Undergrad: 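Pasting a structure here, questions to come.
Everything numeric here is computed off the predicted structure, so don't read it as measured data. All chains are named by letter (A, B, ...) in the order of the sequence lines, taking the proteins before the strands, and each is independently numbered beginning at 1.
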Number of protein chains: 2
Amino acid sequence: MSGVNIETIRYYEREGIIPLADRTPSGRRLYGDADIARLRFVKRCRDLGFSVPDIRTLLELSAGNGASCADVKALGERHLHGVRRKLDELGKLERALAELVRRCDTGRTDCPMLERLLADSDA
Amino acid sequence: MSGVNIETIRYYEREGIIPLADRTPSGRRLYGDADIARLRFVKRCRDLGFSVPDIRTLLELSAGNGASCADVKALGERHLHGVRRKLDELGKLERALAELVRRCDTGRTDCPMLERLLADSDA
DNA sequence: CTTGCTTCTGTAGCGGCTACAGAATGTATA
DNA sequence: TATACATTCTGTAGCCGCTACAGAAGCAAG
C-alpha cells in the first residue's frame with residue numbers, strides 16, 4: 001500500500017523514522033492510514049535522494065509549528081546542490097568513458113582502452 | 001605515489017586485486033614500480049566508476065593473451081550504459097527537486113514543498 | 001635514549017537496505 | 001477438522017568500498 005518493502009518498513013521502524021506499529025494480540029504489525037501516508041512521504045523523499053537523517057529532519061519540520069518552510073527550503077536546496085554536483089561529476093565520467101570505449105571501435109589485436117588505463121601519465 | 005590511500009591499498013590486497021606485497025625483514029610492505037603502476041590502473045578504473053569485480057576482470061584481461069580487446073570494450077560499454085542510466089535518473093531527480101524548491105520561493109507560512117511531499121497522490 | 005611518527009594486524013563502522021534461519025501464526029483447500 | 005502453504009515474526013549477517021579505530025611494534029631525528 002505504501003510501495004515500501006516490508007523489510008524496509010521494519011528497518012525504518014528500527015531507525016525511528018516511523019513509530020512503533022500497533023500490534024494484533026498475536027504480535028503482528030497493524031498499519032492505519034496515517035502510517036501508510038507517512039511511509040509514502042518517506043518513500044517520496046527517498047526517491048528524491050534524501051538521506052534517512054534528512055528525512056527525519058523533514059518529518060520533524062512537518063510536525064512542527066508551521067513556520068518551517070524556510071528550513072525545508074534550505075534543506076531542499078542543500079540537497080539540490082549535492083545532486084547537481086553529482087550530476088556534473090557523472091557527466092564528466094560519462095564523457096571520459098565514452099571516449100575510452102570509442103577508441104576500441106576499430107578491430108585490432110591490442111586494446112587502446114587498456115593501454116590508456118595502463119599508461120604512465122595521468123593526462 | 002599511486003594516489004591510493006594506504007588503508008585502501010591493504011583493502012585491495014585483501015580483495016586480491018593487487019598481489020601480496022613483498023615485505024622487509026621486519027614485516028613492512030615494499031612496493032616496486034610494477035605495484036605502483038597496477039595501483040594507478042586500479043585507481044583510474046575506480047575513478048571511472050568501475051566496480052572492484054569489474055576491475056578484477058579488466059586486470060585478468062590485460063594479463064591475458066592479447067585477443068581481449070572485444071571483451072574490454074564490452075565491459076566498458078556495459079558500464080557506460082549503466083552510467084548513462086544513472087545520469088538520466090539523476091537528471092529527472094534534479095528537475096523534480098528543483099521544481100519542489102522553486103515553489104518555496106514566495107515567503108509564506110505554509111510549506112508548498114512539504115505539502116507536495118505529504119499529498120495523497122503520486123502525481 | 002627518548003620522542004614522535006609511521007606502519008602493522010585485526011576488527012568494527014558507515015548507509016540503506018536485503019537476505020537469510022527458524023519459529024509461529026494465518027488462510028485456503030480437501 | 002486436518003493439512004498444506006503462505007506470510008509474518010525476531011535476530012543476525014551480508015552487500016559495497018572503503019574508513020577508522022585500538023594496541024603493538026618499528027624506525028628516524030634530535
Undergrad: To the nearest 0.5 Å, how far apart are CG in Leu48(A) and NE2 in His79(A)?
TA: 6.5 Å
Undergrad: What is the separation between atom CG on Asn5(A) and atom P on dT18(C), rounded to the nearest whole Å?
TA: 6 Å
Undergrad: Mind calculating the distance between CD1 (Ile9(B)) and P (dT19(D)) to the nearest angstrom?
TA: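 Ile9(B) atom CD1 is separated from dT19(D) atom P by 12 Å.
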Undergrad: Just how far, in rounded Å, is P of dC17(C) from CD1 of Ile6(A)?
TA: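 One finds 15 Å between P of dC17(C) and CD1 of Ile6(A), rounded.
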Undergrad: Nearest-Å distance, OH (Tyr31(A)) to C1' (dC9(D))?
TA: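 For the pair Tyr31(A) OH and dC9(D) C1', the rounded distance is 11 Å.
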Undergrad: What do the steps show when you test Glu94(A) against Lys86(B) for side-chain contact (heavy atoms from CB on, under 4.5 Å), and what is the final call?
TA: CA-CA 10 Å; Glu94(A) 190 270 346; Lys86(B) 262 188 214 152; over 6 Å; no
Undergrad: Between Thr8(B) and dT19(D), does any side-chain N or O lie under 4.0 Å from OP1 or OP2?
TA: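 For Thr8(B), the contact criterion (side-chain N or O under 4.0 Å from OP1 or OP2 of dT19(D)) is met.
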Undergrad: Does a side-chain N or O of Tyr12(B) approach OP1 or OP2 of dC18(D) to a distance below 4.0 Å, or not?
TA: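 Answer yes for this pair, as a side-chain N or O of Tyr12(B) is under 4.0 Å from OP1 or OP2.
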Undergrad: Starting at CG of Leu30(B) and ending at C1' of dC8(C), how long is that distance when rounded to a whole Å?
TA: 13 Å
Undergrad: Look at Thr24(B) and dG26(D) and indicate whether a side-chain polar atom (N or O) is within less than 4.0 Å of OP1 or OP2.
TA: no
Undergrad: Evaluate the criterion side-chain contact (heavy atoms from CB on, under 4.5 Å) for residue pair Phe41(A) and Leu58(A); output intermediate values, then yes/no.
TA: CA-CA 10 Å; Phe41(A) 174 85; Leu58(A) 286 173; 4.1 Å; yes
Undergrad: Is the phosphate of dT9(C) approached by Arg23(B) (side-chain N or O, under 4.0 Å from OP1 or OP2)?
TA: yes
Undergrad: Counting only side-chain nitrogens and oxygens, does Arg14(A) get under 4.0 Å of the OP1 or OP2 atom of dG15(C)?
TA: no
Undergrad: If the cut-off is 4.0 Å, is Ser26(A) near the phosphate of dT8(D), judged by side-chain N/O to OP1 or OP2?
TA: no
Undergrad: Can you tell me which residue among Ile18(B), Asp35(B), Val42(B) is in a side-chain contact (heavy atoms from CB on, under 4.5 Å) with Ile9(B)?
TA: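 It is Ile18(B), the one option of Ile18(B), Asp35(B), Val42(B) that forms the side-chain contact (heavy atoms from CB on, under 4.5 Å) with Ile9(B).
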Undergrad: Could you tell me the separation between the OH atom of Tyr11(B) and the P atom of dC8(C), rounded to a whole number of Å?
TA: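 Nearest whole value for this atom pair: 18 Å.
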Undergrad: Hey, what do you get for CZ (Arg10(B)) to CZ (Arg14(B)), rounding to the nearest 0.5 Å?
TA: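 Result: 8.5 Å between the selected atoms.
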Undergrad: Let me know, please, whether Arg46(A) or Glu7(B) comes out on the 5' side of the other along DNA chain C by nearest nucleotide.
TA: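 Mapping each residue to its closest nucleotide by heavy atoms, the 5'-most match is Glu7(B).
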Undergrad: Can a side chain N or O of Arg28(A) be found less than 4.0 Å away from OP1 or OP2 on dG26(C)?
TA: no
Undergrad: Can you tell me how far C1' of dT12(D) sits from CZ of Arg10(A), to the nearest Å?
TA: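 Going from CZ in Arg10(A) over to C1' in dT12(D) covers 13 Å.
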Undergrad: If you look at every strand shown and take non-hydrogen atoms under 4.0 Å, does Pro25(B) touch a base, only sugar-phosphate, or nothing?
TA: nothing
Undergrad: Rounded to whole angstrom units, what separation is found between the CD atom of Glu15(B) and the C1' atom of dT19(D)?
TA: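 So the CD-C1' distance, Glu15(B) to dT19(D), works out to 14 Å.
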